[in-house]
Every structure is written in C-alpha cells, then in structure tokens.
Novice: 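My questions will all concern the structure given below.
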Amino acid sequence: MTALKNDRLLRALRRQPTDRTPVWLMRQAGRYLPEYRATRARAGSFLGMAKNPEIACEVTLQPLARFPLDAAILFSDILTIPDAMGLGLYFVDGEGPRFRHTVRSAAEAARLAVPDMETELRYVMDAVRLIRRELDGSVPLIGFSGSPWTLACYMVEGGGSKDFARIKAMALNDPDTLHALLKVNTDAVIAYLSAQRAAGAQALQVFDTWGGVLSPAMYRAFSLPYLQRIAAELERGEGDDRTPLILFGKGNAAHLEALAATGTDAVGVDWLVELSDAARRTGGKVALQGNLDPAVLYGSPAAVDAQVRQVLDSYACGTGGSREGHVFNLGHGMSPDMDPDHVAALVEAVHRHSAR
Ligand code: CP3
C-alpha cells in the first residue's frame with residue numbers, strides 16, 4: 001500500500017502535533033452536491049448506490065474533488081447491518097429508512113445472527129477496497145458503523161421515530177429482550193468494523209445518533225456498556241499502526257468522562273457542549289471531534305468563518321492553548337439544502353485559523 005500523504009487526521013486522533021487542525025464533515029457526500037444528485041439519478045436509488053462498490057467509490061470521492069478535506073468517509077449507511085440480518089431495508093422518498101420486519105419480541109430477537117462480512121456485506125468491503133485503491137494514499141479512509149443502541153432504535157421502531165415509544169417501552173417492560181438485541185448488535189458491530197479495517201479502513205467511527213434520547217440512567221444501562229465493549233474488544237493494532245476509534249454521540253454531553261474512559265481514541269460531540277468544557281472534562285485522555293452546529297452552514301461565508309474560529313478557539317481554551325488532539329467536524333450531519341460554497345468557506349476557515 002502507498003504511504004499516506006496526508007496523515008493529519010490520524011495524527012490528531014493520536015493527539016500528536018499537526019501543522020493545522022484536520023477537517024472532515026459528517027455526510028460530506030450527499031444531496032447538497034449536484035454531482036451526487038446526478039449520480040443518484042443514474043443509479044436510481046440511495047440503496048442502489050450504496051450496494052454498488054463502483055458508485056459508492058465515485059460518490060465517496062466527490063466532496064474530496066471539490067474541497068481540500070483531510071479524510072474520506074466510506075459512502076454507505078449504518079442500516080446495512082440490520083438489512084443483512086434479514087430485516088429488509090428500504091427507503092421511502094422524503095420519509096427516510098424503513099424495515100419490512102421489526103424486532104419486538106424475545107423470539108424475533110433470538111432469530112437474529114451476526115451476518116457474514118465477506119458474503120452478506122461483501123459489497124461494503126469491496127467498496128472499502130476500491131476506495132483505498134482510488135485514494136492512492138491522498139487522505140485516510142474512515143469506516144463506520146451505527147452503535148448497538150442506535151441500530152436497535154431502527155430495528156424496533158421499524159424506521160425513524162420522534163418519540164422512540166416502542167423501544168423505550170421495551171426497555172421498561174422487557175429489558176431482557178432489548179439486552180439480547182443489543183448483544184447481537186454489538187457482536188455484529190465489532191465484526192463489521194474489524195472487517196472494514198481488514199479491507200483497508202484507516203480510522204473507524206461509531207455513530208450513536210440516538211444515545212441522547214435516553215435519560216442518563218437509561219443511557220448507562222442501554223447504550224454505554226455496549227460502546228464500552230466495542231472500545232475494549234475491537235482489535236485495532238498498536239502505536240503508529242493503530243486504527244483509531246471515534247465514538248460519536250448526539251446528545252452525549254452528560255457522558256464525556258465515561259466515554260473517555262472506555263479506551264476509545266476519540267469522542268465526537270455535538271454543538272450543545274462547549275468544546276473547552278469537553279476538553280477540560282476529558283483531560284487529554286482522548287482526542288475530540290466536532291462540533292460546529294451544522295446550521296451555521298445556512299449563514300453567510302463571513303458568519304461561517306467567525307463560527308469556525310469560535311469552535312477552534314474554544315478547544316484551545318480548554319487545553320490551555322494547544323490545538324493538538326482536535327479533529328474539526330460538524331456536531332451532526334449536513335443537510336441536502338446546504339450551499340457547497342459555504343462548505344468551501346468552512347474548510348478554508350479551518351485552515352486559516354488553525355495554522356500553527
Ligand atoms: O458521512 C458520509 O458522508 C458517509 C455516508 C453516510 C450516510 N449515512 C449516507 C446517507 C453515513 C455515515 C450515514 C450514517 C447514518 N445513516 C446514520 C448515522 C449518522 C447520522 O446522520 O446520524 C443514520 C441515523 C442513518 C440512517 C439514515 N440513512 C437516515 C436517517 C437517512 C436519511 C434519509 C433522508 O431521506 O434524508 C439515510 C439515507 C442516507 N444515508 C442518505 C445519505 C447520503 C440520503 C440518501 C439519498 O436520499 O440520496
């Protein structure tokens with residue numbers, strides 16, 4: 001394999017010095033890019049794109065052709081795992097993901113098994129291998145998975161949800177079934193991330209998108225222990241060959257100390273936490289990723305510049321002046337109606353304000 005030409009992301013995740021703060025954006029490939037919409041029209045559907053390694057590779061590279069980002073993220077979805085478990089994923093336009101089969105009883109949970117990574121999820125591993133080849137060492141490739149809890153939300157609810165009524169009822173009335181579901185999901189996430197690493201992913205992120213809908217006590221029961229298991233059991237190598245793990249959670253501000261103690265390399269935070277506080281509370285144990293409010297991209301390029309600077313300075317304030325160990329990102333994903341020119345302004349602002 002070619003040596004990595006831009007290793008800022010990996011160095012920052014290891015809390016080593018870099019010439020500037022690395023930046024990538026959650027959902028950096030997507031409908032806000034006209035070239036994505038053109039590829040999607042040709043492919044027919046989102047799942048058609050994700051299941052075709054050549055197309056997944058093409059759209060992974062699209063944002064990198066426009067913006068000098070410091071990482072690529074595999075174009076795929078977190079719901080590939082439950083799909084491969086046989087739940088039947090499909091997308092309703094304008095309404096998001098749905099499953100043909102849900103998991104709401106002990107019997108339904110007991111039927112689930114960890115999918116085979118090189119058959120049922122081969123299309124993901126083929127995409128990782130192809131993207132690595134096409135990147136040719138320009139920037140690292142990030143692989144990812146949903147968290148056990150976030151996957152369970154979709155599997156129990158059968159799609160997106162506003163109130164998470166069914167899974168919260170299961171947590172209260174039938175916790176053993178929920179724990180059985182979370183256990184098989186955890187086994188699958190560990191196998192999935194290991195397979196992506198073996199296929200060439202150079203950093204790994206777990207998206208706990210819905211951890212923040214749980215009360216602190218419920219989070220400690222149903223999300224945190226499974227994130228701890230992933231951080232403890234996921235084999236990722238040693239020293240400079242180590243594949244760093246990022247635990248991103250929306251609404252995880254109450255749990256930063258606990259997340260930093262899991263053994264993860266980095267914690268991703270949303271914009272409801274002040275980065276200086278997050279840095280003080282995690283005390284140099286982990287790198288931090290975040291945390292610009294994605295809605296800042298609706299502001300003018302000048303407003304984007306000012307808000308980017310605020311986030312960078314907040315991090316440095318929490319470390320006593322150091323910018324090491326910070327990966328710049330949004331606090332959650334981009335939206336389809338965002339302006340690519342504002343993304344260009346964001347990346348430029350990170351470069352300008354973080355140059356050492
Ligand atoms: O960050 C990236 O650029 C990589 C690609 C990526 C996608 N989904 C592509 C996608 C990643 C990392 C995901 C993860 C994902 N998928 C999460 C966790 C991250 C997050 O945003 O919280 C979740 C909850 C999902 C489930 C999912 N998939 C939802 C809620 C949706 C949105 C449906 C919609 O209509 O907006 C998807 C579809 C999806 N995944 C799209 C993309 C680019 C939109 C596809 C399209 O319609 O073209």
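Each ligand, and each atom within it, is numbered from 1 in the order the structure gives. Numbers here simply count residues along the sequence, with the first being 1. Note: hydrogens, waters and symmetry copies are ignored here, and every other heavy atom, side chains too, is used.
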Novice: Taking all atoms of both residues into account, what is the closest heavy-atom pair of Met125 and Ala199, and its distance?
Specialist: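 Taking every non-hydrogen atom into account, O-CB, 3.9 Å.
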
Novice: Between Met49 and ligand 1, find which residue part has any heavy-atom pair under 4.0 Å and reply side chain, backbone, both or neither.
Specialist: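 For Met49, no heavy atom sits under 4.0 Å from ligand 1.
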
Novice: What atoms of ligand 1 come within less than 4.0 Å of a heavy atom belonging to Thr209?
Specialist: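 Atoms satisfying the 4.0 Å criterion: 18 (C), 19 (C), 20 (C), 22 (O).
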
Novice: Give, for atom CG of Leu330 and atom CH2 of Trp271, the distance between the pair rounded to the nearest 0.5 Å.
Specialist: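 Answer rounded to 0.5 Å: 9.0 Å.
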
Novice: Can the positive tip of Arg323 be found less than 6.0 Å from the middle of the six-membered ring of Tyr315, inside 45° of the ring normal?
Specialist: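 No, Arg323 and Tyr315 do not form such a contact.
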
Novice: Can you sort out which atoms of ligand 1 are near Gln28, meaning under 4.0 Å from one of its heavy atoms?
Specialist: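 Answer for ligand 1: 1 (O), 2 (C), 3 (O).
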
Novice: Only heavy atoms count here, so choose which of Gln62, Arg31, Met26 is nearest to atom 34 (C) of ligand 1.
Specialist: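 It is Arg31 that holds the nearest heavy atom.
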
Novice: Among all protein heavy atoms, pick the one closest to atom 41 (C) of ligand 1 and tell me residue, atom and distance.
Specialist: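 Residue, atom and distance for the closest contact: Phe46 CE1, 3.8 Å.
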
Novice: Per the side-chain contact (heavy atoms from CB on, under 4.5 Å) rule, which among Val156, Val213, Asn173 passes with Lys168?
Specialist: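 The side-chain contact (heavy atoms from CB on, under 4.5 Å) with Lys168 is passed solely by Val213 among Val156, Val213, Asn173.
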
Novice: I need the nearest protein heavy-atom contact for atom 14 (C) of ligand 1: residue, atom name and distance, please.
Specialist: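 Result for atom 14 (C) of ligand 1: Ile78 CG2, 3.6 Å.
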
Novice: Which ligand 1 atoms are under 4.0 Å away from a heavy-atom of Gly96?
Specialist: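 Matching atoms, with element in brackets: 33 (C).
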
Novice: Which heavy atom of Arg15 sits nearest to which heavy atom of Glu324, and what is that distance?
Specialist: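 Closest pair (atom of Arg15, atom of Glu324, distance): O-OE1, 4.1 Å.
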
Novice: Around atom 11 (C) of ligand 1, find the nearest protein heavy atom and jot down its residue, atom name and distance.
Specialist: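 Ranking protein heavy atoms by distance from atom 11 (C) of ligand 1, first comes Phe144 CZ, 3.6 Å.
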
Novice: Contact between Thr319 and His326 at the side-chain level, heavy atoms closer than 4.5 Å - yes or no?
Specialist: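 Side chain of Thr319 against side chain of His326, heavy atoms only: no contact under 4.5 Å found.
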
Novice: Is a salt bridge present between Lys183 and Asp187, judged by a nitrogen-to-oxygen distance below 4.0 Å?
Specialist: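 Yes, Lys183 and Asp187 are salt-bridged.
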
Novice: With Arg236, which of Thr243, Asp265, Asp241 fulfils side-chain hydrogen bond (donor to acceptor under 3.5 Å, both in side chains)?
Specialist: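 That would be Asp265.
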
Novice: For Pro97, is the nearest heavy atom under 4.0 Å from an atom of ligand 1?
Specialist: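 It does, in that a heavy atom of Pro97 comes within the 4.0 Å cut-off of ligand 1.
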
Novice: I'd like to know whether the aromatic ring centres of Tyr36 and Phe46 sit less than 6.0 Å apart in this structure.
Specialist: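 Here the rings of Phe46 and Tyr36 have centres that are no less than 6.0 Å from each other.
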
Novice: Against heavy atoms of Tyr36, which atoms of ligand 1 measure under 4.0 Å?
Specialist: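 Listed by number with element, the hits are 43 (C), 45 (C), 46 (C), 48 (O).
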
Novice: Has ligand 1 got any nitrogen or oxygen that is less than 3.5 angstrom from a nitrogen or oxygen of Ala29?
Specialist: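 Yes, since at least one N or O of Ala29 sits under 3.5 Å from an N or O of ligand 1.
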
Novice: Using a strict cut-off of 4.0 Å, indicate which atoms of ligand 1 neighbour a heavy atom of Phe75.
Specialist: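 Those qualifying, in numeric order: 43 (C).
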
Novice: Without hydrogens or angle criteria, can the side chains of Thr177 and Arg104 be said to hold a donor-acceptor pair below 3.5 Å?
Specialist: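 There is no such pair between these side chains.
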
Novice: In terms of residue, atom name and distance, what is the protein heavy atom nearest to atom 38 (C) of ligand 1?
Specialist: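 Checking every protein heavy atom, the shortest distance to atom 38 (C) of ligand 1 gives Phe91 CE2, 3.4 Å.
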
Novice: What do you reckon, does Gln205 put a non-hydrogen atom under 4.0 Å from ligand 1?
Specialist: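 Outside the 4.0 Å threshold, so no.
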
Novice: Asp77 heavy atoms, cut-off 4.0 Å: which ligand 1 atoms fall inside?
Specialist: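 Listed by number with element: 8 (N), 10 (C), 16 (N), 25 (C), 26 (C), 27 (C), 28 (N), 37 (C), 38 (C), 39 (C), 40 (N).
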
Novice: Taking the ring centre of each residue, are Phe144 and Phe207 less than 6.0 Å apart?
Specialist: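 Between Phe207 and Phe144, which both carry aromatic rings, the centre distance is below 6.0 Å.
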
Novice: As an exercise, identify every atom of ligand 1 less than 4.0 angstrom from a heavy atom of Ser76.
Specialist: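 That gives atoms 5 (C), 6 (C), 7 (C), 8 (N), 9 (C) of ligand 1.
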
Novice: For Leu204, run the side-chain contact (heavy atoms from CB on, under 4.5 Å) check against Thr264, Leu245, Ile230 and tell me which one passes.
Specialist: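 With Leu204 as partner, side-chain contact (heavy atoms from CB on, under 4.5 Å) holds for just one option, Leu245.
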
Novice: List the closest protein heavy-atom neighbour of atom 47 (O) of ligand 1: residue, atom name, distance to the nearest 0.1 Å.
Specialist: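 So the nearest neighbour among protein heavy atoms is Arg40 NH2, 2.7 Å.
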
Novice: Side chains of Val308 and Val23: closer than 4.5 Å at any heavy-atom pair?
Specialist: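 When only atoms from C-beta onward are counted, Val23 and Val308 do not touch, as no gap falls below 4.5 Å.
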
Novice: Would Leu74 count as a contact of ligand 1 if the rule is a heavy atom under 4.0 Å away?
Specialist: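 True for this residue.
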
Novice: Do Ser147 and Phe248 have side chains that get closer than 4.5 Å, going by heavy atoms?
Specialist: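 A side-chain contact under 4.5 Å is absent here.
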
Novice: Within ligand 1, which atoms have a heavy atom of Tyr154 less than 4.0 Å away?
Specialist: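 Heavy-atom distances to Tyr154 below 4.0 Å select 24 (C), 30 (C).
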
Novice: Which protein heavy atom lies closest to atom 32 (C) of ligand 1, and at what distance to 0.1 Å?
Specialist: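 Here the nearest protein heavy atom works out to Arg27 NH2, 4.1 Å.
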
Novice: Closest non-hydrogen protein atom to atom 20 (C) of ligand 1, residue and atom name please, with distance?
Specialist: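 Closest protein heavy atom to atom 20 (C) of ligand 1: His332 NE2, 3.2 Å.
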
Novice: Does ligand 1 have an atom under 4.0 Å from some heavy atom of Phe248?
Specialist: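 Distance cut 4.0 Å: Phe248 fails for ligand 1.
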
Novice: Students should be able to answer this: which protein heavy-atom is nearest to atom 19 (C) of ligand 1, and at what distance?
Specialist: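 Answer, as residue, atom name and distance: Phe207 CD2, 3.3 Å.
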
